[in-house]
Number of protein chains: 2
Amino acid sequence: MKMDTRKQQVLMALITDFIATAEPVGSRTIARKYEMGVSPATIRNEMADLEEMGFIEQPHTSAGRVPSHMGYRYYVDFLMKKHSLSNREEEMIRRGYEDKVRDVGQVVQRTGNLLSQITSYAAVVVRPRAAGSFKHVQMVLMNPGSAMVVVVMNTGAVHHRIIEVAGGITQSDLDTISQVFNAKLQGHNMDSIKLTLIKEIYFELSKHRNLLDLAMYLIKDSFDLDGEEKIYLGGVFNILNQPEFNNVDKVKTLLSLLEQEEMFYSLLERNTDPDGVTVRIGEEINRDEMKECSMVTAAYRIGDTQLGTIGVLGPTRMDYARVVSIVECMTRNLSQTLEKMSRGWK
Amino acid sequence: MKMDTRKQQVLMALITDFIATAEPVGSRTIARKYEMGVSPATIRNEMADLEEMGFIEQPHTSAGRVPSHMGYRYYVDFLMKKHSLSNREEEMIRRGYEDKVRDVGQVVQRTGNLLSQITSYAAVVVRPRAAGSFKHVQMVLMNPGSAMVVVVMNTGAVHHRIIEVAGGITQSDLDTISQVFNAKLQGHNMDSIKLTLIKEIYFELSKHRNLLDLAMYLIKDSFDLDGEEKIYLGGVFNILNQPEFNNVDKVKTLLSLLEQEEMFYSLLERNTDPDGVTVRIGEEINRDEMKECSMVTAAYRIGDTQLGTIGVLGPTRMDYARVVSIVECMTRNLSQTLEKMSRGWK
DNA sequence: GTTGGCACTCGACACGTTAGAGTGCTAACA
DNA sequence: TGTTAGCACTCTAACGTGTCGAGTGCCAAC
């Protein structure tokens, strides 16, 4: 069977209506409300075809039809019309970035709040991992045997951790290492540090044999900031307003899943599309507990460096057209703001 | 009417049973299950008295009785027996602190996870605010006109923020200020910095007139870290397992409340009891949305400095005896661990 | 290819009935 | 005077029944 224009129209009408009402849609509703110019009986025939093709399904015999995941996918890929943001929405976004900000983390978090408020779904934001380039390192001896390492990145991110050091190490030893590191590493990103610069540092510190071990350890361990991603989740309660979550069990499984931060890394990592918005529908998320949810995600960046991902999590019945536009717009705004913040920090 | 021993026994039995079953408790259940040695009819008389006194109430005419907030309060204050932790629980707590840790924030967060796992309720943890004493400051010029200020505290906490500086300020200017600050401020806490040391710094920097403004601004603004508390919430979905939350509306109001972090500051601030555990029941939280919840909280500290608060949030029908013991035990362990971490960092 | 008509299915809802749990009261008992 | 058994009463939860309406599939007619 082939998809023709009228089938597309019917599918479009059905999905639009279902997104708005959350109720199974019957043939008469489509015929009447969407002015198809044909009778309900004709629509019924088309719907039977669409069902056979797998785009819609019937919850039970005497109910209307509901889009299947495949139906949503077809809608997102081919039917969906671009939604332009209302003035109110534009205004909200613009004002969200007006306030003065202290650091990158704050901007990103505020983005999450805004995103969940505007869309009325949950927002997921992955904060910058160890992206950007090295700006400064400072080591502070906390007590004999342990020191605080603080690394400042050009993105404005600050990482810190406590490490053990040999008992004999003094603050001035730490200063020596810091100086060498700051001189050699500034402007390099973490990957190139590991590969090319170790030899130079080795040479530089050769007159301080006792510090070499510590310096190498630092590069190997403390600068390995991969574990530092931070997930921010906002507006989860929004999602509970959706009628598909009026069942406590569903809420429970969803929430217990959302508390496992690690899950999101694998989920969002697969967001390979380097620019543009990715839509993942129901089963495509590959998580049984989320087969009734969809995610709309996009990456944000400073210049060419991808910093992290923002996204919206809602029921499969979400208003894709609107959400995609909003995510697009917010990613643009966020990237711009970050760029503005970082201009010159290189 | 006066509270006598048998009334206490009845109240005790009723609360114990209600905590276990979440069902209104009838006279027969108490007489039979708790071997009171009297008939249900007698229990009925006692229950009528207890109701008149306000300790228990009846959801509807032909149901058993349920503890009132006043009843819980009496139970917590006078009746509750100390619950000793099972080996399994002790073991879990002990092992939670075994792993090596990188910084204070991590320990505190892990405590929250553990707390919610063991109790099966939600855990609330307020991370250290600007407690402890000043250890080190470092300023990094990010670009002409803006600088990163990083402050390290003796508690192992690291605060950072970006500030605007005059265009002419160079990295070596920043280093000058840092040096003065580090020399003068080390070991002082934030409060005494504001009061006593400004003059000394003023004097010290008088030969660098151009830096004075910046230095004063730093003290006034960047060291004012009050906004830096961080709430950690864990195991919220646990609370949904409680039968009192099998209603989606209740879940929604609770969740939307929990997303407002600010609320917790005022809630936990009033935890005036400097050591020991505070129990706040239902309406005592002073939040209409939480009148069916109770909180068990306690402060944790390094030495004499109170750093923050940990707590458990559950339904009023929570197992107070058990939760109080667990919170007590975890606070002790947490304080010890932090103390161990910080030994010598002064 | 389109349409109207008709029989059929199924869930939602309202209603009445029943079973069971628990109470309050009263009268008898120690 | 405190305790107990018995009894009538109340209320909820659960179940079964009947009705209504929405929606379908199919068929014959246009």
Side-chain angles (χ1 to χ4, degrees), chain A residues 1-11 13-15 17-18 20-68 71 243-244 246-247, chain B residues 1-11 13-15 17-18 20-68 71 243-244 246-247:
Chain A
M1 203 164 318
K2 255 200 72 187
M3 189 62 123
D4 58 27
T5 316
R6 196 168 63 193
K7 283 193 180 41
Q8 286 189 337
Q9 282 179 351
V10 171
L11 182 56
L14 189 141
I15 294 185
D17 204 74
F18 186 68
T21 65
E23 296 289 331
V25 190
S27 51
R28 219 180 45 194
T29 314
I30 293 185
R32 208 180 287 168
K33 221 160 141 188
Y34 294 87
E35 293 170 6
M36 307 287 290
V38 293
S39 82
T42 313
I43 304 289
R44 281 210 282 284
N45 289 329
E46 299 287 19
M47 281 165 89
D49 291 348
L50 284 169
E51 180 161 9
E52 200 180 326
M53 293 158 82
F55 290 121
I56 60 181
E57 40 200 38
Q58 231 175 342
H60 53 84
T61 332
S62 72
R65 305 297 216 290
V66 161
S68 68
E244 28 273 277
N246 56 7
N247 166 332
Chain B
M1 202 166 317
K2 256 201 68 187
M3 189 62 124
D4 58 25
T5 316
R6 196 168 62 192
K7 283 192 180 42
Q8 286 189 337
Q9 282 178 353
V10 171
L11 182 56
L14 189 141
I15 294 186
D17 204 73
F18 186 68
T21 65
E23 297 290 333
V25 189
S27 52
R28 221 180 44 196
T29 314
I30 293 186
R32 208 181 287 168
K33 222 159 141 189
Y34 294 88
E35 294 171 5
M36 309 285 291
V38 292
S39 81
T42 312
I43 305 287
R44 280 208 285 283
N45 290 329
E46 299 287 19
M47 280 165 88
D49 292 348
L50 284 170
E51 182 162 9
E52 200 180 327
M53 293 159 80
F55 290 121
I56 60 182
E57 40 200 39
Q58 231 174 340
H60 54 83
T61 332
S62 72
R65 304 300 213 292
V66 163
S68 68
E244 29 271 276
N246 56 7
N247 166 332

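Note on naming: letters A, B, ... go to the chains in the order of the sequence lines (proteins, then strands), and numbering restarts at 1 for each one. The figures that follow rest on heavy atoms only: side chains count, while hydrogens, waters and symmetry mates do not. Keep in mind the model is a prediction, meaning the values are calculated, not measured.
Partners of A/R32 according to the salt bridge (Lys or Arg N to Asp or Glu O under 4.0 Å) rule, which considers only residues two or more places apart in sequence or in another chain, do not exist here. With sequence neighbours left out, the salt bridge (Lys or Arg N to Asp or Glu O under 4.0 Å) criterion links A/E244 to A/R317. Applying the salt bridge (Lys or Arg N to Asp or Glu O under 4.0 Å) criterion to A/E57, with sequence neighbours excluded, gives no partner residue. Partners of A/E51 by salt bridge (Lys or Arg N to Asp or Glu O under 4.0 Å), not counting sequence neighbours, listed by chain and number: A/R65.
With rounding to the nearest 0.5 angstrom, the CG atom of A/L14 is 4.5 Å from the CD1 atom of A/I30.
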Would you tabulate the pairs of protein nitrogen or oxygen atoms and nucleotide nitrogen or oxygen atoms of nucleotides 23-30 of chain D closer than 3.5 angstrom?
unit_1	atom_1	unit_2	atom_2	d
D/dT24	OP1	A/R65	NH1	3.4
D/dT24	OP2	A/S27	N	3.3
D/dT24	OP2	A/S27	OG	2.7
D/dG25	OP1	A/R65	NH2	3.2
D/dG25	N7	A/R44	NE	3.3
D/dG25	O6	A/R44	NH2	3.2

Atom pairs under 3.5 Å, N or O on each side, protein against nucleotides 16-18 of chain D: can you list them with distances?
none

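For residues 39-62 of chain A, the pairs satisfying ring pair (Phe, Tyr, Trp, His ring centres under 6.0 Å) are A/F55-A/Y74, with sequence neighbours left out.
Across every non-hydrogen atom of B/G54 and B/S68, the tightest pair is O-OG, 2.6 Å. Minimum heavy-atom separation, B/P67 to B/F18: CD-CD2, 3.5 Å.
Put simply, the residue from A/D17, A/I15, A/V66 that forms a side-chain contact (heavy atoms from CB on, under 4.5 Å) with A/V25 is A/D17.
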Which pairs would a plain distance check flag for residues 38-46 of chain B, meaning a side-chain donor or acceptor within less than 3.5 Å of a matching protein atom at least two apart in sequence or in another chain?
unit_1	atom_1	unit_2	atom_2	d
B/S39	OG	B/A41	N	3.2
B/R44	NH1	B/S27	OG	3.4
B/E46	OE1	B/K7	NZ	3.0
B/E46	OE2	B/R6	NE	2.6
B/E46	OE2	B/R6	NH2	2.8

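On the nucleic acid side, DNA chain C contacts chain A at distances under 4.0 Å to non-hydrogen atoms, with the end points of that region at C/dT2 to C/dG11.
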